[in-house]
Trainee: 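Here you go, one structure.
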Amino acid sequence: MAVLVRNIMENMVEDKLEQLLPELNCCTCDICKTDILCYALNRLKPKYVSTEQGELLSKVDSISVTYGAAILTELAAGAEIVRKNPHHKARLKEDT
Ligand SMILES: [Zn+2]
C-alpha cells in the first residue's frame, strides 16, 4: 500500500476555516479565504505525518484536538488582517 507524507496542518486549517467562516465576519471570496489560510499556515508549525491511504482523517481528528486552539487564534488574526486590507480590491503589493 502506498505510504504518503502529508502536512496535515494544511488539512486541519482548511477544515477549521470552513467551519469558522460564518463567524469570522470577513469576506468569503476565494482570494480572501486563501489569504487567511496562508496567514495561518505561515505562523503554525507544519505537522508532517506518514500515512497510508484512508488513514489520514483519523490522524487529523486526533491531532486537531491538540492544535485546535492555536489554529483558531491564527485564523481569527488572519481574518482581521484580511478584513482591514482585502486583496480582492487591490492586488498590488506582495505581503511583507
Ligand atoms: Zn474577498
Side-chain angles (χ1 to χ4, degrees):
M1 188 187 261
V3 180
L4 309 164
V5 175
R6 297 284 305 271
N7 175 12
I8 62 169
M9 188 58 84
E10 286 182 23
N11 298 71
M12 292 191 288
V13 172
E14 278 174 27
D15 283 359
K16 280 278 187 245
L17 179 58
E18 289 300 329
Q19 288 170 23
L20 278 180
L21 213 48
E23 298 166 34
L24 286 177
N25 200 17
C26 73
C27 175
T28 59
C29 79
D30 281 348
I31 294 170
C32 293
K33 277 205 292 196
T34 312
D35 278 351
I36 298 169
L37 268 184
C38 289
Y39 178 94
L41 284 171
N42 279 335
R43 279 159 185 77
L44 293 158
K45 283 211 172 95
K47 182 71 187 168
Y48 288 100
V49 297
S50 65
T51 180
E52 293 179 5
Q53 277 169 1
E55 203 194 2
L56 187 63
L57 282 181
S58 63
K59 290 203 174 177
V60 168
D61 273 355
S62 61
I63 293 175
S64 70
V65 174
T66 308
Y67 291 94
I71 293 171
L72 287 188
T73 302
E74 299 301 347
L75 284 175
E80 181 75 28
I81 286 168
V82 167
R83 195 162 32 198
K84 286 180 185 155
N85 185 21
H87 279 172
H88 54 216
K89 280 185 198 152
R91 321 177 61 184
L92 347 136
K93 25 177 193 182
E94 294 291 311
D95 282 320
T96 46

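Counting starts at 1 for both ligands and their atoms, following the listed order.
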Trainee: Just by distance, do the side chain of N7 and the backbone of Y48 share a donor-acceptor pair under 3.5 Å?
Mentor: no

Trainee: Please name the pair of heavy atoms, one in L24 and one in A76, separated by the smallest distance, quoted to 0.1 Å.
Mentor: CD2-CA, 4.0 Å

Trainee: Report the protein N/O/S neighbours of the Zn ion (ligand 1) that fall below 2.8 Å; do not count waters.
Mentor: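 Only C27 SG, C29 SG, C32 SG, H88 ND1 fall inside 2.8 Å of the Zn ion (ligand 1).
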
Trainee: Take I71 and M9 through the side-chain contact (heavy atoms from CB on, under 4.5 Å) test and state the conclusion after the steps.
Mentor: CA-CA 9 Å; I71 293 171; M9 188 58 84; 3.9 Å; yes

Trainee: Hydrophobic cluster membership, with links at side-chain heavy-atom distances under 4.5 Å among I/L/V/M/F/W/Y: are Y67 and Y39 in one?
Mentor: no

Trainee: State the CD1-CD distance between I36 and E14, to the nearest 0.5 angstrom.
Mentor: 12.5 Å

Trainee: Search all heavy atoms of H88 against all heavy atoms of C29 and return the closest pair with its distance.
Mentor: ND1-SG, 3.5 Å

